[in-house]
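As the structure is a prediction and not an experimental result, all values here were calculated from the model. Lettering of chains follows the sequences in order, A, B, ..., and the numbering in each one begins at 1.
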Amino acid sequence: MTALMLLVPLAAPLLAALVYAVFGWRRATAHAGTAGAALVLADAIALAVRVMRRGSAEILGGWLRADPLAAFMLLGIGTIGLLACAASPAYLAAHGNAHDGQRQGAREGAGATRRYGMLVSGFLAAMATAVLAGNLGLAWIAIEATTIVTAFLVGHAGTRQALEAAWKYTVICSVGIALALLGIIVLYAAARHAGLGESSALEYTALINHARTLDPAVTRMAVALMILGFGAKAGLVPLHAWLPDAHSQAPAPVSALMSGVLLPVAFSQVLRVTAIGNAVLGTGFTRTLLLIMGLGSLALAALLLIAQRDYKRMLAYSTMEHMGLITVGAAIGTRLALAAILLHIAGHGLAKAVAFITSGHILSAEGTTRIDQVKALGARQPVLAGIFGCALLALLGFPPFSLFASELALARSGFAAHLGWPTAAAFALVLLAFAALAAHAARMLLGDPDHDPVVDARPAAPGVLGLITRTPLITALVAVAVLGITAWPISSLINTAAQTGHR
Amino acid sequence: MTTMSTPANGASELLDLAAGVFLLAAVAILWLRDVAAQTRLLAVQGSALAAMAVVLGAEQAHPELYAVAAGVGLLRAVVLPALLRRAVNARAADRETRPLLNVGASLLTAAALVLLAYAVAQPLVRLEATAAARALSVGLSVVLIGLLVLVTRRNALAQVVGFLLLDNGITAIAFLAAAGVPLLVELGVSFDLLLVVLVLRVLTTRMRAVFGSADLDDLRELRD
């Protein structure tokens with residue numbers, strides 16, 4: 001039973017990918033990916049209950065392992081995967097046709113949608129493998145596999161910009177993750193020298209249990225390389241340059257997946273590596289490194305948000321800002337701070353996924369990604385603007401959404417851990433990003449539609465979102481609000497998972 | 001091992017020779033501008049890497065390393081350079097790269113990087129004072145030279161060469177520091193590497209179709 005629970009998250013999306021490979025993307029198969037994601041979500045819930053009741057489970061000689069952190073991340077993959085897969089057919093219908101006429105025949109268009117279906121499902125399977133991996137080697141392989149499958153998703157549109165983004169994404173992430181591999185190898189050498197066996201020298205639990213025997217100087221080098229490398233995939237300074245390009249060029253549901261789950265999945269590796277580093281070196285080293293990377297990402301994102309002219313890039317920089325804040329939380333590293341960042345990951349993932357998916361609908365309604373060309377959306381497309389606006393309010397940290405609660409908890413834990421200055425600096429930068437994002441959003445959503453030559457010249461846009469498109473997005477936003485009020489039903493899971501990286 | 005027997009000395013000399021060829025190939029790649037010649041050097045470097053694995057396998061009586069050496073040799077000395085060469089030959093105009101640094105400055109930087117690698121590798125060398133561990137700084141030098149190539153070349157294929165240099169360096173460190181990672185991990189890593197290079201090749205082909213060249217200076221549309 002346990003073995004099945006650990007294998008379904010890998011097998012279900014792969015099966016969906018197989019369906020696309022064999023039958024192509026048709027009306028009947030369009031939601032195969034959605035079904036796969038739903039299975040992942042159902043399995044994640046079962047696994048979370050199992051892990052909370054009976055502790056961690058492992059199969060295949062420890063290669064696959066479910067602990068509370070893995071179950072939590074898997075819940076995120078299932079939920080946001082479900083949202084993104086459910087939104088994909090509508091996105092492809094709206095954007096696929098224009099793109100077929102422009103560049104290629106219907107036949108190649110069918111090839112492109114088939115490839116899209118296969119790659120998105122493969123992406124989910126790779127992420128599930130990364131969180132369930134019981135050792136650093138398998139986790140590395142799975143995270144590198146996410147780069148491989150998403151490279152063509154980023155370049156899906158086939159335009160100059162999309163190809164440029166895909167190239168940067170593949171090169172920067174592969175180099176970053178190569179540095180992580182170097183770190184893993186160095187740590188493996190240290191572990192072997194300390195007497196660990198060949199198979200256990202890369203296992204998280206074995207490494208933590210034998211922390212006292214690992215050579216500190218070598219471990220310091222390994223941990224620095226791994227945090228830098230996995231941090232690249234989490235969009236953190238200094239290897240962040242791929243993030244805004246890839247998020248702005250990828251199809252909207254893929255951007256939602258990248259922002260909402262891929263970055264947190266990579267970040268969960270940073271958390272696990274930090275736990276190993278702390279066990280060997282004490283808290284000082286990782287804390288300094290994470291503070292530099294977190295505050296650097298926050299500062300860069302806040303500054304670039306101010307002058308942003310493209311709303312998808314705006315959302316991308318907002319993601320970078322939130323990842324920066326999460327990294328600062330990891331640097332604080334107390335149990336409260338870690339619980340807060342997990343709640344923040346959940347809230348941000350859901351809200352940002354909704355924002356990105358809605359940005360795809362705004363793009364098809366307005367035909368532009370420029371902020372200054374979308375005006376008075378609230379009056380012309382109330383439902384669309386309402387959902388986008390609520391998602392942005394959640395991202396800005398307004399109550400009742402859960403990001404308010406998690407940011408408050410982060411601030412409290414920062415001062416409690418005597419990290420007053422870094423915490424204050426982080427929240428000053430969050431405030432700057434808040435102002436920039438709120439100003440851009442107001443320009444897009446508010447205003448009077450009647451006296452605007454730019455908007456008047458635009459052909460009448462297709463009507464409001466259909467019920468099927470609308471419902472999952474609104475449900476997700478309600479979920480973020482419920483999380484903010486009660487943290488139910490995942491509070492105990494978050495609290496237990498926070499122990500994984502606890503100092 | 002207090003008494004070094006003659007065969008072990010011979011082995012360590014062979015290891016030093018292979019490591020020397022490994023490093024020289026990286027420096028020569030930095031020196032040359034012709035991407036086709038760079039791919040030939042990459043094949044030489046891949047062979048040197050396989051040779052290192054064979055010597056280590058013999059020295060440490062670790063027969064599993066022979067199989068790994070065969071796989072590594074096939075992938076890095078034959079398959080990957082061949083993939084790149086086919087991409088290079090597809091278009092003569094992409095053979096020459098225009099590095100951001102001239103040859104003299106590149107080589108001076110490489111010398112500085114080798115010294116840096118020597119300093120950084122010290123904790124690892126202290127961990128185990130064997131001939132293999134002493135050669136570790138060579139692997140680290142190649143990693144750093146690969147990064148230098150990646151940063152200073154503005155041609156898509158030359159960047160792939162830089163990425164492969166980086167990866168060869170990492171594999172060399174895996175052999176020298178720990179006699180290779182577990183076989184399953186090594187297989188997964190190699191498979192991922194092969195796929196990344198294939199992805200980059202397909203992207204290069206598409207960029208040529210859309211941009212008319214593989215010159216990354218044309219990639220200037222996305223910035224803030």
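With values rounded to the nearest 0.5 angstrom, A:Thr170 atom OG1 is found 11.0 Å from B:Gln159 atom CD. Here B:Thr171 contributes atom OG1 and A:Leu181 contributes atom CG; the two are 7.5 Å apart, rounded to the nearest 0.5 Å. Atom CD1 of residue A:Ile148 and atom CG of residue B:Leu195 lie 4.5 Å apart, to the nearest 0.5 angstrom. Atom CG in A:Leu179 sits 6.5 Å away from atom CD1 in B:Ile170 (nearest 0.5 Å). Here the OG1-CH2 distance, from B:Thr204 to A:Trp167, works out to 4.0 Å after rounding to the nearest 0.5 Å. Taken to the nearest 0.5 Å, the CG atom of A:Leu182 stands 4.5 Å off from the CD1 atom of B:Ile173.
Contacts of B:Ala209 with chain A are absent, with no heavy-atom separation under 4.5 Å from either backbone or side chain. Of the atoms belonging to A:Ala178, heavy atoms from both backbone and side chain fall under 4.5 Å from chain B. For B:Val202, the part sitting under 4.5 Å from any heavy atom of chain A is the side chain, from C-beta outward, and nothing else. Heavy atoms closer than 4.5 Å to chain B are found nowhere in A:Ala241, neither backbone nor side chain. Interface residue B:Leu140: only side-chain heavy atoms are found under 4.5 Å from chain A. Using a 4.5 Å cut-off between heavy atoms, B:Leu147 touches chain A through its side chain atoms alone. With a 4.5 angstrom heavy-atom cutoff, A:Leu136 does not touch chain B via any of its atoms.
Interface summary for chain A: among B:Pro182, B:Ala177, B:Gly169, the most heavy-atom pairs under 4.5 angstrom belong to B:Pro182. Among B:Val189, B:Leu166, B:Val143, the residue making the largest number of heavy-atom pairs under 4.5 Å with chain A is B:Val189. For chain A, the option among B:Leu193, B:Leu136, B:Asp192, B:Val185 with the highest count of heavy-atom pairs below 4.5 Å is B:Asp192.
For the pair B:Val199 and A:Ala151, the tightest heavy-atom approach, listed with the atom from each and the gap, is CG1-CB, 3.6 Å. Counting all heavy atoms, side chain and backbone alike, B:Arg206 lies closest to A:Gly155 at NH1-O, 4.4 Å. Closest non-hydrogen pair, B:Val210 versus A:Arg160, comes out as CG1-CG, 3.6 Å. Considering every non-hydrogen atom in both A:Val175 and B:Leu150, the closest pair reads CG2-CD1, 3.3 Å. Here the closest heavy-atom approach between residue B:Ala178 and residue A:Tyr188 is recorded as CB-CD2, 3.5 Å. In plain terms, the two heavy atoms of B:Pro123 and A:Val218 that are nearest each other are O-CG2, 3.5 Å.
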- Task: Evaluate side-chain contact (heavy atoms from CB on, under 4.5 Å) for B:Val196 paired with A:Thr147, printing each intermediate quantity in order.
- Result: CA-CA 8 Å; B:Val196 168; A:Thr147 311; 5.9 Å; no
